[in-house]
Amino acid sequence: MELKELVPPPEVCAKIPIGEFKDSFAVYLVTAVNMDKPLDISKQSFELMPRGTAERLLNSGCEAQVLRAICPAPTLQEIMAELPALSEVFWSDFNDGSKLWMVANSNYESNPNTAALEQWLFEKGYNKL
């Protein structure tokens, strides 16, 4: 299994406020592609990697001219540890063979990690479902 299968996609992880999931195993190393619009998510590139690798890269000073930041990419286990104790991951199988996931009141998602993070954002008041 690849790391990208264990975490939500970057557009969902980008909603995580600074300071949350600061010990997540994985992160997206975010690079501003357009320095005129560094906060525009469509103008950024995301590279998924273990947190230790990203921190070493940021601290190396090799590319001091490039605007880079770390965005946490928590695994399902890390997200579920932050949700209320009775939260569960549910899935539904559909006739077309697809499986969609949800956690508590989250929307159905094709990825259980995304469903869990959407629910966490909702619980914390950062995202309205």
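Only this structure's heavy atoms are used, side chains among them; waters, hydrogens and symmetry mates stay out.
K22 and R51 make their closest contact through O-CZ, 3.2 Å (heavy atoms, listed as atom of the first residue, atom of the second, distance). What you find for L76 and P112 is that their closest heavy atoms are CD1-O, 3.7 Å. Closest approach of A54 to V27, counting heavy atoms only: CB-CG2, 3.4 Å.
A side chain to side chain contact (heavy atoms under 4.5 Å, CB included) with C71 is found for one member of P10, C13, S24 and no other, namely C13. Considering I16, V7, L6 as possible partners of P74, the one that fulfils the side chain to side chain contact (heavy atoms under 4.5 Å, CB included) test is I16.
The structure places CD of Q119 at 12.5 Å from NZ of K124, a figure rounded to the nearest 0.5 Å. E2 CD to L48 CG: the interatomic distance, rounded to the nearest 0.5 Å, is 10.0 Å. Here OG1 of T31 is found 9.5 Å from CZ of F46. Values are rounded to the nearest 0.5 Å.
In this structure, the side chains of L58 and L29 come closer than 4.5 Å at one or more pairs of heavy atoms. For the pair F21/E82, a side-chain contact is recorded, criterion being any heavy-atom separation below 4.5 Å from C-beta on. Side-chain contact check for V30 versus I70: every heavy-atom pair is 4.5 Å or farther apart. Contact annotation: the side chain of M80 never approaches that of W120 to less than 4.5 Å [non-hydrogen atoms, C-beta and beyond].
Annotation: Q77, atom CD; neighbour count of heavy atoms from other residues, nucleotides and ligands within 6.0 Å does not exceed 12.
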What do the steps show when you test Y28 against M49 for side-chain contact (heavy atoms from CB on, under 4.5 Å), and what is the final call? CA-CA 6 Å; Y28 286 101; M49 62 185 66; over 6 Å; no
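A donor-acceptor contact shorter than 3.5 Å links the side chain of N113 to the backbone of E5. Using modelled atom types, one side-chain atom of E78 and one backbone atom of T75 make a donor-acceptor pair closer than 3.5 Å.
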